[in-house]
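The next block holds one structure in the form of structure tokens; read it before the comments.
Any value given below was found using the heavy atoms of this structure, including those in side chains, with hydrogens, waters and symmetry copies removed. When a ligand or atom number is given, it counts from 1 through the structure's own listing order.
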Amino acid sequence: MSMLVITSAEEVQKWAMAQRAQGLRIGLVPTMGYLHAGHLSLIAEAGKHADRVVVSIFVNPVQFGPNEDFEKYPRNEARDLELCEKAGAAVVFLPQVSAMYAPDASVFVTEERLGNGLCGAKRPGHFRGVCTVVAKLFNIALPQVAVFGQKDYQQAAVIRRMVRDLNFPLEVVVAPIVREADGLAMSSRNVYLVGDERSRALGLSRALQTAAQTIAAGPCAAGAVRGQMREVLEKHALKIDYVEIVDAETLEPVSEARQGHVALIAVYCGRTRLIDNRVL
Ligand code: AMP
């Protein structure tokens, strides 16, 4: 069966309805393209839960702030399509911005609790853009299961909450973070790293490792653990956007850090914003 590349939302919906009419389960993997092994792991995971996997590739302007990297976000459609085909996707949904948003679009989805802190605080409007596009993708691909990466921990929590609170009839699966051999979390944005930035970027995973080691010895004041993480990040000359330890479900900062909590980091490495996290 050869992979379909579809640019029209209506056409994907028709395809999805036909699959469902045959009793087939659809899995959706939303992405912004420039695919790496992290994305491919999500496609493989979706394949375990579904008969047909839809990969969407869409750099969603609504989730980018005015001074962010929407225009220069890396793109390589031909390579992405090849990787999707090899990974066994049934459909790649590749819409133009104009096919996703009417010029006078005026309905957006907002989550009002989990998305307030962390990246939500640093990137106003980001999760409104994410929720809106993901809700649209759910209505377009009609999946029974959708797979997201733990790499974007807060995003996964916000999407789960949206699915629960808006009664989307599907299951959300969150897949583990795929890392480079040296520990750097894979990201399309890693291509921006130049010169010594690539090695300095190791500060994120090392800081998380430090936090995990501390907590392994027993509960510890969160402020002290955050201090240790900051120290590692600063040693790698990374500019801290935030360093937090939060409850895994509520995403509220904790005062005493222990196993099961989540450490999250956002930094600038040069001009590139990088995030990473680890369940302690
Ligand atoms: P993006 O294309 O960066 O918007 O990511 C699309 C999906 O892939 C999201 O669910 C991400 O959390 C997930 N993802 C990105 N990087 C990784 C990674 N290194 N490991 C696992 N999943 C990832």
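Distances below 4.0 Å separate heavy atoms of F148 from the following atoms of ligand 1: 10 (O). Close contacts between ligand 1 and I177 involve ligand atoms 20 (N), 21 (C) [criterion: under 4.0 Å to a heavy atom]. For ligand 1, the atoms lying closer than 4.0 Å to a non-hydrogen atom of M186 are 16 (N), 17 (C), 18 (C), 19 (N). Taking a cut-off of under 4.0 Å to the non-hydrogen atoms of G149, the atoms of ligand 1 that pass are 9 (C), 10 (O), 11 (C), 12 (O), 13 (C), 22 (N). The atoms of ligand 1 that sit less than 4.0 Å from any heavy atom of T31 are 2 (O), 6 (C). Under a 4.0 Å criterion applied to the non-hydrogen atoms of K151, ligand 1 contributes the atoms 16 (N), 17 (C), 18 (C), 23 (C). Which parts of ligand 1 touch P30 is read off a 4.0 Å heavy-atom cut-off, strictly below it: atoms 6 (C), 7 (C).
Taking atom 11 (C) of ligand 1 as the reference point, the nearest protein heavy-atom neighbour is D152 OD2, 3.1 Å. Protein heavy atom nearest atom 4 (O) of ligand 1, with residue, atom name and distance: M32 CG, 3.5 Å. V178 N, 2.8 Å is the protein heavy atom nearest to atom 20 (N) of ligand 1.
Electrostatic pairing of R123 and D241 does not count as a salt bridge here, judged by no charged N lying under 4.0 Å from a carboxylate O. For R79 and E82, the salt-bridge test fails: no basic side-chain N is under 4.0 Å from an acidic carboxylate O. Under 4.0 Å is where a charged nitrogen must lie from a carboxylate oxygen, and between R273 and D69 no such pair does.
Inclusion of H39 in the set of residues having an N or O under 3.5 Å from an N or O of ligand 1 is warranted.
For the side chain to side chain contact (heavy atoms under 4.5 Å, CB included) test with L208, the passing option among I265, I177, L280, V279 is I265; the others fail.
For the residue pair V232 and G203, the shortest heavy atom distance occurs at CG1-O, 3.8 Å.
Looking only at side-chain heavy atoms (C-beta outward), E244 and R226 come within less than 4.5 Å of each other.
Taking each of H36, R179, E180 in turn, the one with a heavy atom nearest to atom 16 (N) of ligand 1 proves to be H36. Considering each of P176, S188, A175, the one bringing a non-hydrogen atom nearest atom 21 (C) of ligand 1 is P176.
Without hydrogens or angle criteria, E45 side chain to V147 main chain gives no donor-acceptor distance under 3.5 Å. Within the 3.5 Å criterion, the main-chain N or O of G129 finds a donor-acceptor partner in the side chain of N60.
Contact annotation: for L42 versus ligand 1, heavy atoms closer than 4.0 Å belong to the side chain alone.
Note that R75 lies in the cation-pi zone of F70, set by a 6.0 Å cut-off to the ring centre and a 45° limit from the axis.
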